[in-house]
Amino acid sequence: MNYTSTRDNSVKVSAAYAIATGISPDGGLYVPENIPEFTYDELVEAAKTDYRERAVRVLEKYLTDFTGEELRECVDGAYTGKFGGENVAPVVDIAENRFVLELWHGPTCAFKDMALQLLPHLLTRSVKKTCDGKEIVILVATSGDTGKAALEGFRDVPGTRIIVFYPVEGVSSIQKRQMVTQEGGNVGVCAIKGNFDDAQTGVKRIFTDPEIASELEKHNMAFSSANSINWGRLAPQIVYYISAYADLMNKGVIKNRGDKVNVVVPTGNFGNILAAYYAKKMGLPIGKLICASNSNNVLTDFIRTGVYDRNRKFYTTISPSMDILISSNLERLIYDLSGCDSARVKGWMDSLAATGRYEVDEDVKAKISELFWAGCCNDASTQETIKTVFDSRNYLSDTHTAVALNVLGQYVKEFGSDVPAIIASTASPYKFAPAVLGAVASDKVSEDEFDMLTALCDVSGVEIPAPLAGLKGKAVRFDRVCDGSGMKDTVLDMLGI
């Protein structure tokens, strides 16, 4: 299978090249030339296996220049002994026809681990296939979870360095502590004065800067990405939706061929819900893709109107990983829905860069409306949902998962749907302890983040994840801050160039 660019579909590259380079030189995102099928019979067989085997069966359809043995080595290295048990991504019943897909049992307690434990294995093999001998510089912009997951995934991986930029006021205290205390000889972390969109825009600008590419070439280095703009990040996310459906087959929730489920995803950069879209296109019986946003509801408006407009107030919320107004992976969706018309997509992306706005054509709008439904909620509603679900179901959710639960409630109220729903739960509630504790026991909120972890444990009976408890007392290694305009110089300085 070849990969092409969303902005120039004359591009033809291998999966390994797409993963090794991360982004097309024209600024577009790599996408597969076609979406492979995963049949119902394959689902039946997948239901008899574990998560690792399901991952191999899905990935081998996309990464055709990897051998089966290579993929099994990658998958085993990523998912063996790192996710708190044999079940890598458990599906938890919280109410009738409500199933929470817990994606946060990995080493950094966020769903990004599902892909970022695998990506280093895929990337190092991809580099050997395409540009062996070069040191790969992983450049990451994060709204909180990607940064730590990428740092942990690439820590001391031979032949790589990783530099992470995060918004100085835009992550939770635990997320920040996870990053600034990161161990490893090949890692670097820097805060930027601005929000996630500023960090992401800066990273993309560096990727396509010929001057800095020339400097890296002189030192036998090359850039790649661990953000979901990298296909090697996105493909592993398709796996867990197929796995969740297989688990529902085993639970007896899915009784007949073609029984549908709805999928609800708290969404910022659009990668996680895009993976569900690809799973649906492969043949997974998904009914509606429900896109849940916080107060930064640019995606809600887009799905409802076909107009993408980032010219609006930016909100810093208690669900910071969704505080995004430029959702990069949306480009892959509109490319697919436009009939793979890269010229139209380039025009829309040029308009976004120039004016902060674009509007898709009526044919694309109609397809979006058929496939997706969108809703949003503010911080007060998010905390109310955390409390309601905890009080009624004894289930503790983080602030992002609560947004999804709230929006699902809106959908059910509007349509009266009794279709089973898979809710993508994206982080441990302990990563956002002040907001979660404030929802379930506001009198326990204090100034000390670790006291709040203990208080939340006492209130909920849910054990504090070891990776978060272990942060207490760890030395801060990174305290650098730069302006968005200084990111390029920061990268060169960190690389010693």
Side-chain angles (χ1 to χ4, degrees), residues 22-23 106-113 115-120 123 135-157 159-207 212 216 221-230 232-233 268-269 271 320-321 323-324 326 328 427 431 467 471 474-497:
I23 189 170
T108 76
C109 307
F111 83 101
K112 306 297 176 71
D113 289 325
L116 283 166
Q117 284 298 305
L118 180 58
L119 180 59
L123 183 66
E135 185 174 36
I136 297 299
V137 179
I138 312 296
L139 207 56
V140 177
T142 185
S143 55
D145 286 332
T146 291
K148 173 59 180 177
L151 288 163
E152 189 64 28
F154 282 95
R155 180 181 66 175
D156 292 329
V157 171
T160 69
R161 296 200 209 180
I162 178 167
I163 298 172
V164 170
F165 290 96
Y166 71 92
V168 66
E169 300 294 340
V171 300
S172 77
S173 59
I174 287 290
Q175 287 174 317
K176 178 179 178 179
R177 185 173 285 268
Q178 283 185 300
M179 288 186 283
V180 299
T181 60
Q182 176 65 46
E183 298 171 351
N186 65 335
V187 304
V189 178
C190 181
I192 74 155
K193 298 172 184 175
N195 57 39
F196 169 76
D197 292 324
D198 298 319
Q200 180 168 247
T201 299
V203 163
K204 285 184 175 179
R205 190 177 295 122
I206 292 169
F207 264 115
I212 195 169
L216 263 66
M221 296 177 179
F223 280 133
S224 189
S225 172
N227 283 96
S228 55
I229 58 175
N230 191 319
R233 250 288 304 276
N269 218 18
S321 297
D323 291 350
I324 296 172
I326 304 175
S328 289
K431 293 197 77 167
L471 289 172
K474 286 192 73 172
V476 171
R477 295 186 63 204
F478 305 102
D479 57 5
R480 188 166 185 161
V481 181
C482 74
D483 294 319
S485 60
M487 291 173 64
K488 175 179 174 180
D489 290 338
T490 298
V491 168
L492 292 174
D493 184 55
M494 284 185 165
L495 295 176
I497 296 176

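Index from 1, following the sequence.
Distance CE/Met487 to CZ/Phe165: 4.5 Å, rounded to 0.5 Å. Annotation: the span from Ser172 atom OG to Gln178 atom CD amounts to 7.5 Å, rounded to 0.5 Å. To the nearest 0.5 Å, atom CD1 of residue Ile163 and atom CG of residue Leu151 are 10.5 Å apart. Atoms CD and CD1, on Gln200 and Ile324 in that order, are 6.5 Å from each other to the nearest 0.5 Å. With rounding to the nearest 0.5 Å, the separation of OG in Ser225 from CZ in Arg233 is 8.0 Å. Rounding to the nearest 0.5 Å places CD1 of Ile138 at 10.0 Å from CG of Leu116.
Closest of all the heavy-atom pairs between Gly22 and Ser224 is N-OG, 3.9 Å. Heavy-atom minimum distance, Lys204 versus Ser328: NZ-OG, 2.7 Å. Pairing each heavy atom of Gly153 with each of Pro120, the nearest pair is O-CG, 3.2 Å. The shortest non-hydrogen separation linking Ala149 to Asp113 is CB-OD1, 3.5 Å.
Here ring-ring contact (aromatic ring centres under 6.0 Å, His included) pairs that include residues 172-207, with residues two or more places apart or in two chains, are Phe207-Phe223. The list of salt bridge (Lys or Arg N to Asp or Glu O under 4.0 Å) pairs with a residue in residues 176-192, not counting sequence neighbours, reads Arg155-Glu183, Arg177-Glu449, Glu183-Lys474.
A search for salt bridge (Lys or Arg N to Asp or Glu O under 4.0 Å) contacts involving Arg205 returns nothing, not counting sequence neighbours. A search for side-chain hydrogen bond (donor to acceptor under 3.5 Å, both in side chains) contacts involving Asp483 returns nothing, not counting sequence neighbours. The ring-ring contact (aromatic ring centres under 6.0 Å, His included) check on Phe478 picks up nothing, with sequence neighbours excluded. Evaluation of the side-chain hydrogen bond (donor to acceptor under 3.5 Å, both in side chains) rule for Asn186 yields Thr160 as partners, not counting sequence neighbours. For Asn195, the side-chain contact (heavy atoms from CB on, under 4.5 Å) partners are Asp197, Asp198, Phe314, not counting sequence neighbours. Among residues two or more places apart in sequence or in another chain, the side-chain hydrogen bond (donor to acceptor under 3.5 Å, both in side chains) test is passed with Gln117 by Lys82. Applying the side-chain hydrogen bond (donor to acceptor under 3.5 Å, both in side chains) criterion to Glu135, with sequence neighbours excluded, gives Arg161. Residues meeting the salt bridge (Lys or Arg N to Asp or Glu O under 4.0 Å) test with Lys488, sequence neighbours left out: Asp209, Glu211.
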Below 3.5 Å, can you tabulate the donor-acceptor pairs from side chains in residues 490-497 to any protein atom, sequence neighbours excluded?
| residue | atom | partner | partner atom | Å |
| --- | --- | --- | --- | --- |
| Thr490 | OG1 | Gly486 | O | 2.8 |
| Asp493 | OD2 | Arg480 | NH1 | 2.8 |
| Asp493 | OD2 | Arg480 | NH2 | 3.1 |

Identify each donor-acceptor pair in which a side-chain atom of residues 139-148 lies under 3.5 Å from a protein atom, sequence neighbours left out, and give them as a table.
| residue | atom | partner | partner atom | Å |
| --- | --- | --- | --- | --- |
| Thr142 | OG1 | Gly144 | N | 2.8 |
| Thr142 | OG1 | Thr146 | N | 3.4 |
| Thr142 | OG1 | Gly147 | N | 2.8 |
| Ser143 | OG | Ser321 | O | 3.1 |
| Asp145 | OD1 | Gln175 | NE2 | 3.0 |
| Asp145 | OD1 | Lys431 | NZ | 2.7 |
| Asp145 | OD2 | Ser321 | OG | 3.3 |
| Thr146 | OG1 | Lys112 | NZ | 2.6 |
| Lys148 | NZ | Glu152 | OE1 | 3.4 |
| Lys148 | NZ | Gln182 | OE1 | 2.6 |

